[in-house]
Colleague: 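My structure is below; once you've seen it, I'll send some questions.
Predicted model, so just to flag it, every value in this text is computed and none were measured.
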Amino acid sequence: MNPERKEIIINEIKHWKKSKLLPEHYCDFLLTLYSEGDEQFEPEQEKAVAKFKLLSVVFVQICLLLSVVVIYFTDFFLVMQIAICVLFIGITIFAAYKMASYSVLLSHFYYLVAAIILFLLMVYCTSIMFVNNQIAMGAVIFFTCIVWLTIGLKWKMSYFTIAGIGGFLLFALFLTLN
């Protein structure tokens with residue numbers, strides 16, 4: 001093949017890889033094929049992606065930790081606690097959305113963290129607004145299980161489906177014991 005034509009094809013495949021027009025492993029295969037095994041992949045870009053993943057994991061974990069601190073260990077007004085936790089939920093969902101193109105596993109983990117923060121916030125708000133009201137707490141937990149089950153079935157996220165079913169089972173056990 002003409003070296004000039006081969007260079008054009010290799011540059012085009014690199015562009016596809018960079019703009020995510022094709023999956024990365026397809027582009028790697030095509031680059032290896034057209035460069036006859038001589039193509040050097042960008043380790044700097046891979047290092048940057050790894051650094052981005054690590055920083056986002058740390059940041060999301062800090063959001064979870066700060067949510068727990070804000071909910072249980074501060075004396076803020078309820079509205080301020082809700083606002084801060086909603087901000088952390090939004091940040092976590094945004095991080096999950098951005099991470100989806102790099103790591104589906106981390107993206108799903110971030111969705112799970114956002115769901116946990118939301119659940120903690122809902123339980124805390126219910127315990128503050130309806131002091132010692134087990135019916136209200138049961139309704140909130142039941143509603144959360146329905147939402148998790150719906151999310152799990154609609155978007156095929158098995159861990160949400162399992163959490164929803166497990167929540168229903170625990171809720172039924174709680175009702176039978178009381």
Side-chain angles (χ1 to χ4, degrees), residues 19-21 23-25 45-178:
S19 60
K20 306 220 184 288
L21 292 174
E24 189 172 329
H25 59 280
Q45 183 182 8
E46 291 176 10
K47 287 180 185 177
V49 168
K51 188 175 182 181
F52 171 69
K53 287 180 184 179
L54 178 66
L55 287 175
S56 69
V57 167
V58 169
F59 188 70
V60 167
Q61 293 303 313
I62 288 172
C63 285
L64 177 62
L65 179 67
L66 287 177
S67 295
V68 171
V69 168
V70 165
I71 290 174
Y72 293 108
F73 301 111
T74 61
D75 219 7
F76 295 148
F77 294 113
L78 181 62
V79 174
M80 183 179 279
Q81 288 175 326
I82 292 171
I84 291 171
C85 286
V86 167
L87 175 70
F88 288 150
I89 290 168
I91 289 170
T92 306
I93 290 174
F94 179 74
Y97 175 75
K98 286 297 186 183
M99 185 56 66
S101 61
Y102 297 107
S103 173
V104 175
L105 183 65
L106 279 178
S107 175
H108 284 260
F109 175 70
Y110 294 168
Y111 287 129
L112 187 62
V113 169
I116 290 170
I117 294 171
L118 182 61
F119 180 71
L120 290 174
L121 180 64
M122 288 173 54
V123 167
Y124 178 73
C125 289
T126 303
S127 68
I128 294 295
M129 288 189 247
F130 304 102
V131 178
N132 295 329
N133 189 341
Q134 291 183 347
I135 295 173
M137 187 64 72
V140 166
I141 293 172
F142 186 77
F143 173 73
T144 303
C145 290
I146 289 173
V147 169
W148 285 355
L149 189 60
T150 305
I151 288 172
L153 293 174
K154 183 173 182 176
W155 286 299
K156 295 179 179 38
M157 296 179 175
S158 60
Y159 51 90
F160 273 111
T161 306
I162 293 168
I165 293 171
F168 279 132
L169 294 175
L170 288 174
F171 185 71
L173 180 68
F174 173 75
L175 288 178
T176 57
L177 293 178
N178 284 335

Colleague: Does Ile135, at its CD1 atom, have more than 12 non-hydrogen atoms belonging to other residues, nucleotides or ligands within less than 6.0 Å?
Modeller: no

Colleague: Which of these, Leu65, Val60, Val58, sits in a side chain to side chain contact (heavy atoms under 4.5 Å, CB included) with Ile62?
Modeller: Val58

Colleague: To the nearest 0.5 Å, tell me how far Ile117 CD1 sits from Ile71 CD1.
Modeller: 8.0 Å

Colleague: Answer whether the closest heavy-atom distance between the side chains of Ile82 and Cys125 falls below 4.5 Å.
Modeller: yes

Colleague: Can you confirm whether or not the ring centre of Trp155 sits under 6.0 Å from the ring centre of Phe160?
Modeller: no

Colleague: Nearest 0.5 angstrom please: Thr74 OG1 to Ile84 CD1, how far?
Modeller: 7.0 Å

Colleague: Roughly how far, to the nearest 0.5 Å, is the OG1 atom of Thr92 from the CG atom of Leu64?
Modeller: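 Leu64 atom CG to Thr92 atom OG1 measures 8.0 Å (nearest 0.5 Å).
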
Colleague: Among all residues two or more places apart in sequence or in another chain, which pass the side-chain hydrogen bond (donor to acceptor under 3.5 Å, both in side chains) test with Tyr97?
Modeller: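 Listed in chain order: nothing, the list is empty.
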
Colleague: If you count the non-hydrogen atoms of other residues, nucleotides and ligands that lie under 6.0 Å from CZ in Phe143, is the total more than 12?
Modeller: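 Check fails, neighbour count at 12 or below.
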
Colleague: Going from CG on Leu149 to CG on Leu153, what distance comes out if it is rounded to the nearest 0.5 angstrom?
Modeller: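 Those atoms lie 4.5 Å apart.
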
Colleague: Phe109 vs Gln61, test: side-chain contact (heavy atoms from CB on, under 4.5 Å). Steps then yes/no.
Modeller: CA-CA 11 Å; Phe109 175 70; Gln61 293 303 313; 3.0 Å; yes

Colleague: Output the distance between atom NZ (Lys53) and atom CG (Leu106), rounded to the nearest 0.5 Å.
Modeller: 6.5 Å

Colleague: Does a side-chain heavy-atom distance below 4.5 Å link Asn133 with Met137?
Modeller: no

Colleague: Considering only residues two or more places apart or on different chains, which pairs with a residue in residues 58-95 satisfy ring pair (Phe, Tyr, Trp, His ring centres under 6.0 Å)?
Modeller: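 Sorted result for residues 58-95: Tyr72-Tyr124.
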
Colleague: Identify, with sequence neighbours excluded, every residue that meets ring pair (Phe, Tyr, Trp, His ring centres under 6.0 Å) alongside Phe142.
Modeller: Phe168, Phe171

Colleague: Using the rule given for side-chain contact (heavy atoms from CB on, under 4.5 Å), can you reason through Leu78 versus Gln81, listing the C-alpha separation, both sets of side-chain angles and the distance that settles it, and then say yes or no?
Modeller: CA-CA 5 Å; Leu78 181 62; Gln81 288 175 326; 3.9 Å; yes

Colleague: Would you give the length of the straight line joining atom CG of Leu169 to atom SG of Cys145, rounded to the nearest 0.5 angstrom?
Modeller: 9.0 Å

Colleague: Give me the atom names and distance for the closest heavy-atom approach of Ala114 to Ile89.
Modeller: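 Result for this residue pair: O-CG1, 4.1 Å.
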
Colleague: Would Trp148 and Ile162 satisfy side-chain contact (heavy atoms from CB on, under 4.5 Å), going step by step from the backbone distance to the final call?
Modeller: CA-CA 9 Å; Trp148 285 355; Ile162 293 168; over 6 Å; no

Colleague: Do you see a donor-acceptor pair shorter than 3.5 Å between the side chains of Tyr110 and Ser56?
Modeller: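 Short answer, yes.
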
